[in-house]
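Quick note on labels: first sequence line is chain A, next is B, and so on, each numbered from 1.
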Amino acid sequence: MRSIVDGQSRVIVQGITGNEGRFHAEAMLRFGTKVVAGVTPGKGGQEVYGVPVYNTVAEAVAQDGANTSIVLVPARFAAGAVNEAIEAGLRTVVVITELIPQRDTIGFISRAEKKGTIIVGPNTPGIINVPERTKVGIMPSHVFKPGCVGIASRSGTLAYEIAWHITDAGLGQSTCVGIGGDPVVGLDFIKLLDMFREDEQTKGVVLVGEVGGKAEELAAQYIIETKYPKPVVAYIAGRSAPPEKRMGHAGAIVMGNVGTAQSKVEALEAAGVPVADKPSDIARLLRI
Amino acid sequence: MKLFEFEAKDILRNYGIAAPRGRVASSPDEVETVAREIGKPVVLKSQVLVSGRGKAGGILFADDPDEARKVASRLIGSTIKGASVGSLLVEEKLDICRQFYASVTIDRQARRYIVLLSTSGGVDIEEIAQATPEKILREWVDPEQGFSQRSAEGMLHRLGEIEEADIGRLAAVAANLYQAALDYDAELVELNPAVKTATGEFMAADARMIIDDNALFRHPEFEGRKSYRAEDTPREAEARRDGLSYVELDGDIGIIGNGAGLVMATMDLVHHFGGRPANFLDIGGGARTELIKKGLLLVMAKPEVRAVLVNILGGITRCDIVAEGLVEGLAESAVKKPIAVRLMGTNEAEGMAILRRAGLNIYPDMETAAREVLKL
């Protein structure tokens with residue numbers, strides 16, 4: 001999707017000298033992503049897979065025209081890294097790091113809004129623009145195939161599962177975005193639906209939700225209000241999850257009557273969005 | 001992490017938010033001593049981490065130290081909504097003139113802290129929000145601007161039905177509550193009720209506080225309590241110590257997978273085909289052999305588990321490592337239970353070969369695996 005990540009994205013990896021940073025920098029390069037630099041404070045001057053490492057994001061912007069970042073630094077340093085990327089004026093910052101304190105997330109999302117930076121995540125597998133061979137994330141590339149289905153998911157591996165079913169059905173994906181498993185995330189379903197509507201590569205959208213919060217209900221309301229023009233299909237994980245238990249993701253917890261699978265399914269169906277019982281039903285329900 | 005009422009009140013006292021005179025006690029003798037020190041009728045409040053303890057009989061009154069002792073011997077050791085009562089907060093019984101509600105929490109959708117104030121305190125705030133939403137004031141805080149006493153005064157002026165003299169005092173409580181929430185990385189700080197006493201004092205009659213687990217590294221004072229969660233079963237606590245995300249359920253099919261969403265979807269499929277999941281176990285991303293082995297042993301050790309379903313979609317998780325962990329776990333387990341496995345992704349072929357050699361049941365996709373595990 002051009003508005004977030006495309007073939008022109010010039011990507012930096014914050015935390016490139018760590019194990020995760022190194023591993024995913026290579027995987028992104030292999031997929032075709034233009035990884036132009038890495039940033040690790042104190043490690044400036046090194047190289048990782050031929051990619052120059054700088055001490056600061058500002059240097060990477062000045063030297064290599066970076067406009068996008070993937071953050072793979074430990075939780076306690078993540079907010080500092082994200083804030084640095086925002087200050088350096090990057091367009092998109094993809095925050096893979098999990099377990100970031102919510103106070104930190106609230107702080108950097110607020111700054112990003114004021115600066116016009118898009119934050120994807122935190123606790124996201126990232127984003128992959130399949131036709132433009134650009135992955136800013138940690139997802140396995142082999143489940144994807146260029147196509148016309150946009151996927152927005154609260155979960156990582158479940159998004160891969162669903163992407164694989166869509167590939168298997170011969171449809172393929174335009175862009176797949178993980179919005180993140182945390183309670184507070186930057187880019188949400190509504191903003192993504194908005195972007196998918198304008199994205200000429202996308203003919204239909206799959207929303208992969210889960211129990212907890214109200215993101216799916218709000219997406220349903222948005223679909224009704226905007227008479228959303230492209231077909232949307234949803235899948236909700238956690239239909240058999242008990243209340244008051246945090247199911248892995250901090251965001252996946254049913255509290256009282258808020259966040260139940262039933263409420264989400266009802267809201268989506270009322271908006272004319274078919275909700276699949278099983279991941280393998282999604283491709284069939286998508287009328288494109 | 002939920003804090004006990006007495007802990008929350010101790011923290012809030014440092015922020016200028018008063019609480020009734022009293023302290024925590026863990027034996028009837030001690031309760032009697034505290035009641036004697038207070039020298040007035042007291043309230044005995046069970047220190048449990050469940051909400052609705054008042055309605056469940058966890059909060060009782062006593063007119064004198066002798067009665068306090070008797071009531072305490074009934075409460076201590078009893079069970080309130082599934083939580084066992086280890087201690088009581090013994091406090092002076094307040095002469096309440098008016099009750100308010102004040103809280104600071106995180107609004108997911110707005111991506112901000114939100115301050116809630118109401119003149120309808122002491123009752124379930126969700127009921128008020130349903131019945132008379134206009135009685136709850138809400139203010140979303142810009143993190144760079146913060147939330148001052150003046151912000152709170154502005155809110156309360158909008159409400160109208162509160163005396164001018166009280167506005168400043170309640171506003172000070174709200175501003176201090178916000179500061180405490182920030183400093184302690186709280187997901188929730190709630191006073192329900194905050195009260196004005198007959199003598200005109202404002203204080204926290206009840207206080208709840210939930211600390212963001214992700215921020216515990218900034219709060220070493222809670223270190224010793226890290227593993228303690230009243231709602232954990234012993235096996236859940238063990239899993240947490242090992243770094244596994246594990247939730248117990250009441251069925252008989254063990255569920256293991258990587259990624260919260262995928263594990264939930266696997267549970268749902270078992271349910272869809274008429275089975276009942278016994279647990280939720282997420283091994284996370286990039287798990288090592290040792291962790292997978294531990295996970296399998298943990299799930300198989302639960303007596304109710306009849307068969308185990310393992311669903312892995314490897315990205316950063318390697319299927320061969322998972323397979324090794326499963327085979328080692330099965331070899332070490334005292335009880336042998338059937339396992340159905342679906343492996344896909346990174347090093348899938350190597351993983352499948354390991355499982356085949358060990359004679360495990362392998363299925364090509366998660367739906368087949370979820371259906372077939374019920375027949376094992």
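- Nearest heavy-atom pair, B:Ala215 versus A:Pro101, reported as atom, atom and distance to 0.1 Å: CB-CB, 3.8 Å.
- Contact count against chain B (heavy-atom pairs under 4.5 Å) is highest for A:Ile100 among A:Ile138, A:Ile100, A:Ile236.
- B:Asp212 and A:Gln102 make their closest contact through OD2-N, 2.7 Å (heavy atoms, listed as atom of the first residue, atom of the second, distance).
- Contact annotation for A:Pro279: both backbone and side-chain heavy atoms come within less than 4.5 Å of a heavy atom of chain B.
- Looking at A:Arg111, both its backbone and its side chain come within 4.5 Å of chain B, counting heavy atoms on both sides.
- In terms of heavy atoms, A:Ser110 sits closest to B:Arg112 at OG-NH2, 4.1 Å.
- Comparing A:Val184, A:Val208, A:Ile106 by heavy-atom pairs within less than 4.5 Å of chain B, the highest count is held by A:Ile106.
- Heavy atoms closer than 4.5 Å to chain A are found in both the backbone and the side chain of B:Leu182.
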message = What verdict does the side chain to side chain contact (heavy atoms under 4.5 Å, CB included) test give for B:Met267 and A:Met247, after you've listed the backbone C-alpha separation in whole Å, the side-chain angles of each residue and the deciding distance to 0.1 Å?
response = CA-CA 11 Å; B:Met267 265 168 51; A:Met247 306 304 283; 3.7 Å; yes

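- Scanning all heavy atoms of the two residues, the minimum distance from A:Thr157 to B:Gly259 falls at OG1-CA, 3.4 Å.
- Within the 4.5 angstrom heavy-atom criterion, no atom of B:Tyr246 approaches chain A.
- For B:Ile106, the part sitting under 4.5 Å from any heavy atom of chain A is the side chain, from C-beta outward, and nothing else.
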request  = Could you give me the CA-CA distance, side-chain angles and deciding distance for A:Arg239 and B:His271, then say whether side chain to side chain contact (heavy atoms under 4.5 Å, CB included) is met?
outcome  = CA-CA 9 Å; A:Arg239 288 196 193 201; B:His271 208 257; over 6 Å; no

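- Salt-bridge formation is detected for the pair B:Arg342/A:Glu161: a Lys NZ or Arg NE/NH1/NH2 atom is positioned less than 4.0 Å from an Asp or Glu carboxylate oxygen.
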inquiry  = Walk me through whether B:Gln109 and A:Ile190 qualify under side chain to side chain contact (heavy atoms under 4.5 Å, CB included).
reply    = CA-CA 11 Å; B:Gln109 266 65 45; A:Ile190 291 182; over 6 Å; no

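- For the set B:Asp282, B:Asn258, B:Leu269, B:Asn311, the count of heavy-atom pairs under 4.5 angstrom toward chain A peaks at B:Asn258.
- Within a 6.0 Å sphere centred on CD of A:Gln262, heavy atoms belonging to other residues, nucleotides or ligands number 12 at most.
- Across A:Gly186 and B:Arg111, no two heavy atoms sit closer than the pair O-NH2, 2.7 Å.
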request  = List the steps, then state whether side chain to side chain contact (heavy atoms under 4.5 Å, CB included) holds for A:Asp182 with B:Arg108.
outcome  = CA-CA 9 Å; A:Asp182 281 0; B:Arg108 290 177 168 205; over 6 Å; no

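- The most heavy-atom pairs under 4.5 Å with chain A, out of B:Gly315, B:Ala265, B:Gly284, come from B:Ala265.
- Counting all heavy atoms, side chain and backbone alike, B:Leu262 lies closest to A:Leu158 at N-CB, 3.7 Å.
- With sequence neighbours excluded, no residue forms a salt bridge (Lys or Arg N to Asp or Glu O under 4.0 Å) with B:Asp365.
- Contacts of B:Arg218 with chain A are made by side-chain atoms alone, with heavy-atom separations under 4.5 Å and no backbone atom involved.
- Note that OG of A:Ser240 and NE2 of B:His272 are 12.0 Å apart. Values are rounded to the nearest 0.5 Å.
- The contact list for residues 343-350 of chain B toward chain A, using heavy atoms and a distance under 4.5 Å, reads B:Met344, B:Gly345, B:Thr346 by residue number.
- Crowding of B:Gln130 atom CD: a count of heavy atoms from other residues, nucleotides or ligands under 6.0 Å not exceeding 12.
- When side chains are defined from C-beta on, A:Pro242 counts as touching B:Leu249, because their heavy atoms get closer than 4.5 Å.
- Along residues 211-221 of chain A, the residues that come nearer than 4.5 angstrom to chain B, judged on non-hydrogen atoms, are A:Val211, A:Gly212, A:Gly213, A:Lys214, A:Ala215, A:Leu218 in order of number.
- Of the charged side-chain nitrogens involved, at least one lies within less than 4.0 Å of a carboxylate oxygen, so that A:Lys114 and B:Asp142 count as a salt-bridged pair.
- Only the side chain of A:Glu113 comes within contact range of chain B, with at least one heavy atom under 4.5 Å from a heavy atom of that chain.
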inquiry  = Applying salt bridge (Lys or Arg N to Asp or Glu O under 4.0 Å) to B:Asp183 and A:Arg103, what does each step give before you reach the verdict?
reply    = CA-CA 10 Å; B:Asp183 291 350; A:Arg103 186 182 82 190; 5.4 Å; no

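- Here B:Asp185 contributes atom CG and A:Asp104 contributes atom CG; the two are 7.0 Å apart, rounded to the nearest 0.5 Å.
- Of the atoms belonging to A:Ala241, heavy atoms from both backbone and side chain fall under 4.5 Å from chain B.
- Here side chain to side chain donor-acceptor pair (under 3.5 Å) pairs that include residues 73-82 of chain A, with residues two or more places apart or in two chains, number zero.
- With respect to the salt-bridge test (charged N to carboxylate O, under 4.0 angstrom), the residues B:Asp268 and A:Lys278 do not qualify.
- When B:Ile312, B:Val263, B:Ile316 are compared by the number of non-hydrogen pairs under 4.5 Å with chain A, B:Ile316 comes out ahead.
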